[in-house]
Amino acid sequence: MQTDVQRGAWLVLAVGDDRPRRSNDGYDDSPAAHYSWDSSVPNHQLPQAGDVIVLWDKKVLLGASVIQKIVVGEEEKAPPLSALR
């Protein structure tokens, strides 16, 4: 079966509280259900529904899936902790 649709593939990092820089609060990732990112992430606008996504936590592969949908929204992001000191 041949298709003209090109699909992307994305390796994404889901580290939760194990971040080298505590200057941000991270994201509300739930690897079994959803992955979140914002416009500060390089290539943030490129993933599309139908693309393959692979999640890892710097040590192990957490899982792989196909993006079913992308929900775009606007939300105020809290300032980095370092800005509050």
Side-chain angles (χ1 to χ4, degrees):
M1 180 175 168
Q2 186 173 348
T3 177
D4 292 336
V5 177
Q6 290 186 344
R7 299 287 183 214
W10 304 97
L11 175 63
V12 297
L13 183 61
V15 293
D17 291 332
D18 186 24
R19 295 183 306 279
R21 290 177 286 169
R22 296 283 180 178
S23 61
N24 67 54
D25 287 334
Y27 301 98
D28 66 341
D29 300 334
S30 174
H34 73 275
Y35 183 80
S36 299
W37 68 92
D38 65 19
S39 61
S40 68
V41 174
N43 298 317
H44 68 275
Q45 75 284 11
L46 297 179
Q48 298 178 28
D51 287 355
V52 173
I53 186 169
V54 178
L55 286 86
W56 74 301
D57 69 358
K58 293 187 180 181
K59 296 176 186 154
V60 298
L61 174 70
L62 300 174
S65 190
V66 174
I67 299 173
Q68 293 178 348
K69 67 178 177 178
I70 296 177
V71 177
V72 178
E74 291 190 22
E75 187 174 315
E76 249 337 277
K77 190 167 182 179
L81 294 175
S82 59
L84 300 175
R85 296 178 191 182

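We count residues from 1, following the sequence as given. Predicted model, so just to flag it, every value in this text is computed and none were measured.
Using a 4.5 Å heavy-atom threshold, the side chains of I53 and P47 count as separate. For the pair Q48 and I67, the minimum side-chain heavy-atom distance is 4.5 Å or more.
By the side chain to side chain contact (heavy atoms under 4.5 Å, CB included) test, V71 pairs with K69, sequence neighbours left out. When the side-chain hydrogen bond (donor to acceptor under 3.5 Å, both in side chains) test is applied to W56, no partner is found at least two apart in sequence or on another chain. Applying the side chain to side chain contact (heavy atoms under 4.5 Å, CB included) test to L61 and every residue at least two apart in sequence or in another chain returns V54.
Nearest heavy atoms, I70 versus A49: CD1-N, 4.1 Å.
Shown here is Q45, whose CD atom has more than 12 heavy atoms of other residues, nucleotides or ligands within 6.0 Å.
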